[in-house]
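Worth knowing before you read on, the calculation uses all heavy atoms, side chains too, and leaves out hydrogens, waters and symmetry mates.
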Amino acid sequence: MKKATDFQKYLKHRLKNKNFKQHYDKYDKRLKIAYQIILLRKKMSITQLKLAERIGTKQSNIVRMEHGQQNFTIDMLNKIAKAFKKELTVSIR
């Protein structure tokens with residue numbers, strides 16, 4: 001049986017590579033948002049199509065969002081939050 005790799009150790013090692021770090025920095029926030037959308041959608045048993053209808057977009061746009069291939073505007077994030085009956089919180093640290 002193989003030992004499971006600790007993701008944080010793996011990530012720390014990979015971030016030493018400049019090319020990997022550039023891509024990670026570019027897409028990190030998008031992917032974190034995408035993951036949150038997926039978790040909320042599945043937790044609330046909402047299909048991609050239903051979420052798209054709630055925020056006034058196409059299901060294909062939800063797919064792009066969930067794959068981290070979509071730039072998010074504050075307006076879009078606010079629509080998504082409202083669709084889940086949540087409050088959008090943005091912070092800069």
Side-chain angles (χ1 to χ4, degrees):
M1 178 181 265
K2 289 186 178 183
K3 184 179 175 184
T5 302
D6 179 68
F7 181 72
Q8 291 303 322
K9 280 184 181 179
Y10 170 78
L11 184 59
K12 184 177 178 180
H13 173 74
R14 292 290 290 151
L15 288 171
K16 291 177 184 176
N17 177 296
K18 282 185 180 183
N19 191 38
F20 180 87
K21 183 165 178 10
Q22 280 181 322
H23 283 86
Y24 179 84
D25 290 344
K26 182 175 181 179
Y27 297 106
D28 176 52
K29 301 301 182 238
R30 279 191 212 172
L31 292 171
K32 285 180 180 177
I33 293 169
Y35 185 64
Q36 287 180 3
I37 292 169
I38 292 167
L39 288 179
L40 280 169
R41 190 175 60 73
K42 292 190 179 216
K43 181 180 178 182
M44 299 178 81
S45 300
I46 298 171
T47 65
Q48 289 177 336
L49 182 59
K50 190 63 161 174
L51 178 58
E53 289 170 355
R54 287 183 181 185
I55 65 173
T57 192
K58 296 179 181 178
Q59 187 257 342
S60 60
N61 289 334
I62 302 300
V63 171
R64 280 196 294 283
M65 289 177 194
E66 291 186 355
H67 283 96
Q69 300 169 341
Q70 181 84 24
N71 267 330
F72 294 96
T73 63
I74 295 296
D75 184 51
M76 181 56 72
L77 290 173
N78 202 35
K79 287 179 182 180
I80 293 167
K82 285 181 180 181
F84 291 123
K85 296 181 173 76
K86 301 288 183 182
E87 182 181 324
L88 176 64
T89 304
V90 178
S91 69
I92 299 173
R93 299 185 231 176

So [Y] and [X], do their side chains get closer than 4.5 Å, heavy atoms only?
{"X": "Ile80", "Y": "Phe84", "value": "yes"}
{"X": "Gln69", "Y": "Tyr27", "value": "no"}
{"X": "Arg54", "Y": "Ile46", "value": "yes"}
{"X": "Phe20", "Y": "Leu11", "value": "yes"}
{"X": "Ile55", "Y": "Ile62", "value": "yes"}

Path from [X] to [Y] over hydrophobic side-chain contacts below 4.5 Å:
{"X": "Tyr10", "Y": "Tyr24", "answer": "yes"}
{"X": "Val90", "Y": "Met76", "answer": "yes"}
{"X": "Leu88", "Y": "Tyr35", "answer": "no"}
{"X": "Ile33", "Y": "Ile74", "answer": "yes"}

Please round to the nearest 0.5 Å and tell me the distance separating atom [atom1] of [X] and atom [atom2] of [Y].
{"X": "Leu15", "Y": "Gln22", "atom1": "CG", "atom2": "CD", "result": "12.0 Å"}
{"X": "Ser60", "Y": "Gln70", "atom1": "OG", "atom2": "CD", "result": "9.0 Å"}
{"X": "Gln36", "Y": "Leu39", "atom1": "CD", "atom2": "CG", "result": "8.0 Å"}
{"X": "Gln59", "Y": "Glu53", "atom1": "CD", "atom2": "CD", "result": "10.0 Å"}

Which heavy-atom pair separates [X] from [Y] by the least distance, and what is that distance?
{"X": "Gln48", "Y": "Val63", "value": "OE1-CG2, 3.4 Å"}
{"X": "Ile37", "Y": "Glu66", "value": "CG2-OE2, 3.9 Å"}
{"X": "Phe72", "Y": "Met65", "value": "CE2-CG, 3.6 Å"}
{"X": "Arg30", "Y": "Asn71", "value": "NH2-OD1, 2.9 Å"}
{"X": "Ala34", "Y": "Gly68", "value": "CB-N, 3.9 Å"}

